[in-house]
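Naming: A, B, ... by sequence-line order, numbering from 1 per chain.
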Amino acid sequence: MIKKMTCIECPKGCLIKITLENLQIVKIDGNICIKGKTYAGSEINNPLRIVTSSVLALGLPLKMIPVRTDKPVSKDKIFEVMSLIKKVRVTKPVYAGDIIVTNILQSGANLIATRDVPA
Amino acid sequence: MIEKKLVIVGGGPAGMAAAISAYEHGVSDILLIDREPYLGGILNQCIHTGFGLKYFKETLTGPEYAGRFIKKIKDISQIEVSLNTFVASLNKNKTLTVLKPGLLVEIKPEALIMATGCREKTREMMHIAGTRPAGIFSAGLAQKLINIEGLIPGREVVIIGSGDIGLIMARRFTLEGAKVKAVIEIRQKSRGLARNIAQCIEDFNIPIFFNHKILRIFGRDRVEKISVCKVDNNLNIIPDTTFEIACDTAVLSAGLIPENELIEMAGVEIDKKTNTPVTNELNKTSILGIFVCGNSFKIYDIVDSVTEDSFIAGQQAAEYLGRLR
Ligand code: SF4
């Protein structure tokens, strides 16, 4: 079986062809670089995505603080991560890279701020 | 009248890169102006990842990419930053009339870099028939409402046009619990990057209709539905293919127009079709000493290229100032 997919790792967006035999990957082509190969493998076994959103700030100069997971999380966990994100309220100043939620949904990824929001 | 060596209008990625580069090429006495209360420009609302792969060799969100340049700017004392500052006019001697809260001043720089970015095409430019109810947003405005203001502008959304911001917003609306009922693209393929079709549309099984055109927007107070039909590859309507989609929100993502009204006011020659300065050299205009960089010079696909070319603008301004001496 041949599966086609677009690599999302960079703006080139290579069209990758994965040849599967008995659910095992036997060949990957179409990727320009090694990242495409890693991506294809992960898409077959456990697709991962970085989740980005914004969380509500209270008593800070910005209304919303942009956030992301510091590692990709399982694609089928995205909406669970989102419903958690919607409950988060930030009341103290944060800086880009600060952890907002540790080990979100036991995924191993932290939710971090992506913008400085000083007092 | 305030005199300056170099004024840069626009504190987004283009303006910040130009300022840093001008400083690194020996210019002191630089003034960087932005009308918003923060540096960073449009990057502040582009909270998704995908920025910086070329320039920083890692994938960053918009605010993270901007943040790195904002830090750099703050560390350079020769770059003065003026926020909440709006340029009202510009004349051919490079004199700017500038509005700040409670203040109206004239500033005369020896060299000027315009990094004013772009704006979105409007419904009027797309010639969409129908009523004018609430619920019609440009993709960038919807992005600002959700990501900066924390407001979800609708529950049942149709995205019209498949530019990158439209695709990104299809995902954003979906993540926030809204239903994106369709993306309508008049051409045979997306205007956006293939990766955005994959990670914003296919990941969430959002229906995307290529070779389809929006005919009409319906609704009295709020958008109620839109009608759509099929077109051939020459964009001619195929008869008897019309159907309707119920929705409360229409998001337009039909392309960007460089913003160059100020230099046009000063007499710079502008290509009316693209709204960019007429030139055959990067960042240059028909008036010596007025440079344009970033999305106001031409529409770029990725911010890394904006940064790269805007660094050149800073160097060009430095060279120009060097020759004046
Ligand atoms: S394979 Fe490499 S070059 Fe191609 S899209 Fe993926 S990361 Fe980019």
- Pick from A:Gly97, A:Gly13, A:Pro66, A:Ser83: which one has the most heavy-atom pairs with chain B under 4.5 Å?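 So the answer, after comparing A:Gly97, A:Gly13, A:Pro66, A:Ser83, is A:Pro66.
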- Note on the structure: Greatest number of non-hydrogen atom pairs under 4.5 angstrom with chain B, of A:Met82, A:Met5, A:Glu9, falls to A:Met82
N/O donor to acceptor pairs below 3.5 angstrom from side-chain atoms of residues 166-177 of chain B, sequence neighbours left out:
from: B:Arg172; atom 1: NE; to: B:Asn147; atom 2: OD1; distance (Å): 2.7
from: B:Arg172; atom 1: NH1; to: A:Ser53; atom 2: OG; distance (Å): 3.4
from: B:Arg172; atom 1: NH1; to: B:Glu176; atom 2: OE2; distance (Å): 3.1
from: B:Arg172; atom 1: NH2; to: A:Ser53; atom 2: OG; distance (Å): 3.1
from: B:Arg172; atom 1: NH2; to: A:Ser54; atom 2: OG; distance (Å): 3.4
from: B:Arg172; atom 1: NH2; to: B:Asn147; atom 2: OD1; distance (Å): 3.4
from: B:Arg172; atom 1: NH2; to: B:Glu176; atom 2: OE2; distance (Å): 3.1
from: B:Thr174; atom 1: OG1; to: B:Ala170; atom 2: O; distance (Å): 2.6

Please look at [X] and chain B and tell me whether the side chain, the backbone, both or neither of the residue comes under 4.5 angstrom of a heavy atom of that chain.
| X | result |
| --- | --- |
| A:Cys14 | neither |
| A:Pro47 | neither |
| A:Leu15 | neither |
| A:Lys12 | neither |

- Message: If you define the side chain from C-beta out and look only at heavy atoms, does anything of A:Cys7 sit under 4.5 Å from B:Arg195?
- Response: no
- Item | Atom pair CG (B:Leu145) and CE (A:Met64), whose distance is rounded to the nearest 0.5 Å |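 Taking CG in B:Leu145 and CE in A:Met64, the distance rounds to 11.5 Å.
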- Spatial distance of atom CD1 (A:Ile50) from atom OG1 (B:Thr61) [nearest 0.5 Å]: 9.5 Å
Which atoms of [X] come close to chain A, meaning under 4.5 Å heavy atom to heavy atom: side chain ones, backbone ones, both, or neither?
| X | result |
| --- | --- |
| B:Lys71 | side chain |
| B:Phe204 | side chain |
| B:Asp304 | neither |
| B:Ile197 | neither |

Within the supplied structure, the quantity of interest is the number of heavy atoms (other residues, nucleotides, ligands) at a distance under 6.0 Å from [X] [atom1]; does it exceed 12?
| X | atom1 | result |
| --- | --- | --- |
| A:Lys17 | NZ | no |
| B:Phe311 | CZ | yes |
| B:Arg191 | CZ | yes |

- So which of B:Leu193, B:Thr59, B:Asp301, B:Leu53 has the biggest tally of heavy-atom pairs under 4.5 Å with chain A? B:Leu53
- Query: Hey, which of B:Asp203, B:Ile302, B:Ile148, B:Asn196 has the most heavy atom pairs under 4.5 Å with chain A?
  - Reply: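 Top option by heavy-atom pairs under 4.5 Å: B:Asp203.
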- side-chain hydrogen bond (donor to acceptor under 3.5 Å, both in side chains) partners for A:Asp76, two or more places apart: A:Ser74
- Query: Under a 4.0 Å N-O cut-off, is there an ion pair linking B:Glu64 with A:Arg115?
  - Reply: no
